[in-house]
Amino acid sequence: MFKALLRIKLASLPSMLTGGAKRGKKRGKGMAVLYALLMVYVIGVFCWMFAGMFSMLAEPLHDAGLSWLYFLMTLILAFTLMVIFSVFTAKSQLYEAKDNDLLLSMPIPPSAILASRMMLLLGLNLVFGLIIVVPSLIEWYAVVPFSLSGLASFLLTFIALVFFAMSISALFGWLISLLTSKMRNKTLFETVLSLAFLGGYFYLCGKMGDVIENVLMSSMGLADTLGNIAILKCIGLAAAGESLTKLLLTLVVLIIPFIIVYAVLARNFIKTATAKRGAAKIK
């Protein structure tokens, strides 16, 4: 049953991303191809932009002995992108899915419904994270000798971060759903909020040149600042493959919030899925 639900979710993914499902109509093949080309172009632009940034950071940070700072910056950027692009999807899929009543009326375990939706969101987070992680690794190993153990440590840390980003997206999705549950202009509010998130992220990307210059000029100062935050230093060292103990600790710290969120949602899924939402209609 879980596999069948997951296949259905994957089949509806293109329509969900382009807004076709919300409008209740199926797009033609021409529009689907156009959206696919647009997504490929946007992903390519992001990869090119971050590749240029990481190419300027890799060698100086490696020479300065700050490999952990390089990988920490990679994970912070990936985490931010994952949360921004998945929070509204988490809201619609976990708390306001249109097929909740239909699925719950069938002999389908609620845990299977929730698990299929969580897997879909984890997959989306993985894709968004790879947009930053792939250029980062390519530029890193272009100037640093390849290390299989270092790559494995980074990938394990990144996968754990995907789970952590999912838990944060679920939390913010719940807060936004709660905030907009009684709004009459909910769509307008969500659109403005999403544009504000994207605008803030693109603004930071536009300032990336200044950020890179500051990092290169005062890398030791930045390392001291972030290094004073124990959890960030631990994640950076784990991602750089410099400490097996810190890698294990990082995996535990990043995955436990996801387990808690999943347990809470599974326990309250029927109540959450059948909650009455929407403002009173104006007579």
Side-chain angles (χ1 to χ4, degrees), residues 46-47 49-86 121-169 201 204-205 208 211-212 214-216 218-259:
F46 267 83
C47 290
M49 178 179 65
F50 285 110
M53 181 192 75
F54 289 124
S55 66
M56 291 186 285
L57 292 175
E59 188 171 2
L61 292 181
H62 175 262
D63 294 340
L66 297 175
S67 302
W68 67 270
L69 180 60
Y70 178 88
F71 288 112
L72 178 62
M73 293 177 63
T74 299
L75 293 177
I76 290 175
L77 289 171
F79 170 78
T80 306
L81 191 66
M82 286 188 286
V83 171
I84 288 177
F85 277 94
S86 65
L121 294 172
L122 285 171
L124 287 175
N125 273 349
L126 181 64
V127 171
F128 292 134
L130 288 175
I131 293 175
I132 293 178
V133 166
V134 170
S136 173
L137 290 175
I138 291 175
E139 297 300 332
W140 179 256
Y141 287 115
V143 298
V144 177
F146 178 77
S147 170
L148 182 60
S149 60
L151 177 62
S153 297
F154 176 78
L155 292 179
L156 286 174
T157 307
F158 168 64
I159 292 173
L161 186 71
V162 172
F163 283 89
F164 181 70
M166 177 68 252
S167 62
I168 299 300
S169 297
Y201 193 83
L204 292 177
C205 291
M208 201 61 69
V211 173
I212 294 174
N214 292 332
V215 170
L216 294 178
S218 58
S219 58
M220 295 304 297
L222 180 61
D224 291 338
T225 301
L226 295 178
N228 290 329
I229 304 176
I231 185 60
L232 294 182
K233 182 71 176 289
C234 180
I235 293 174
L237 292 173
E242 298 182 12
S243 173
L244 179 59
T245 303
K246 286 182 171 53
L247 173 61
L248 297 176
L249 179 61
T250 296
L251 296 180
V252 171
V253 169
L254 293 180
I255 292 178
I256 282 181
F258 173 81
I259 296 175

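Counting from 1, the numbers follow the sequence of the chain as shown.
- Legend: residues meeting side-chain contact (heavy atoms from CB on, under 4.5 Å) with Ala238, ordered by chain and number and at least two apart, are Thr157, Leu247, Thr250.
- Among all heavy-atom pairs drawn from Leu161 and Leu254, the shortest one is N-CD1, 3.8 Å.
- Scored by the ring pair (Phe, Tyr, Trp, His ring centres under 6.0 Å) test, Phe154 finds Phe71 as partners (sequence neighbours excluded).
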Quick one: side chains of residues 122-134, donor-acceptor pairs under 3.5 Å with protein atoms, not counting sequence neighbours, listed by atom name and distance.
unit_1 : atom_1 : unit_2 : atom_2 : d
Asn125 : OD1    : Ser86  : OG     : 2.9

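- For the pair Thr74 and Phe54, the tightest heavy-atom approach, listed with the atom from each and the gap, is OG1-CE2, 3.4 Å.
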Q: Run the numbers on Phe164 and Val162 for side-chain contact (heavy atoms from CB on, under 4.5 Å), then give the verdict.
A: CA-CA 5 Å; Phe164 181 70; Val162 172; over 6 Å; no
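- Contact between Met166 and Phe258 at its shortest, heavy atoms only, is CG-CE1, 3.7 Å.
- Considering only residues two or more places apart in sequence or on other chains, Ser243 meets the side-chain contact (heavy atoms from CB on, under 4.5 Å) condition with Thr245, Lys246.
- The two atoms that bring Ser67 and His62 nearest to each other are OG-CD2, 4.1 Å, heavy atoms only.
- Side-chain N or O atoms of Tyr70 include none that pairs as donor or acceptor with a backbone N or O of Ala240 at under 3.5 Å.
- Scanning for side-chain contact (heavy atoms from CB on, under 4.5 Å) contacts around Ile231 gives Ile229, Ile235, Val253, with sequence neighbours left out.
- To the nearest 0.5 Å, atoms OG (Ser136) and CE (Met53) are separated by 7.5 Å.
- Considering all non-hydrogen atoms of both residues, Ala51 and Glu139 come closest at O-CG, 3.5 Å.
- One distance of note links CG of Leu237 with CG of Leu244; it measures 12.5 Å at 0.5 Å rounding.
- Applying the side-chain contact (heavy atoms from CB on, under 4.5 Å) criterion to Ile259, with sequence neighbours excluded, gives Ile255.
- Atoms CG and CG, on Leu57 and Leu69 in that order, are 8.5 Å from each other to the nearest 0.5 Å.
- Residues Phe50 and Pro135 come closest through the heavy atom pair C-CB, 4.3 Å.
- Counting heavy-atom neighbours within 6.0 Å of Glu242 CD, excluding the residue itself, gives a total above 12.
- Leu61 CG to Trp140 CH2: the interatomic distance, rounded to the nearest 0.5 Å, is 7.0 Å.
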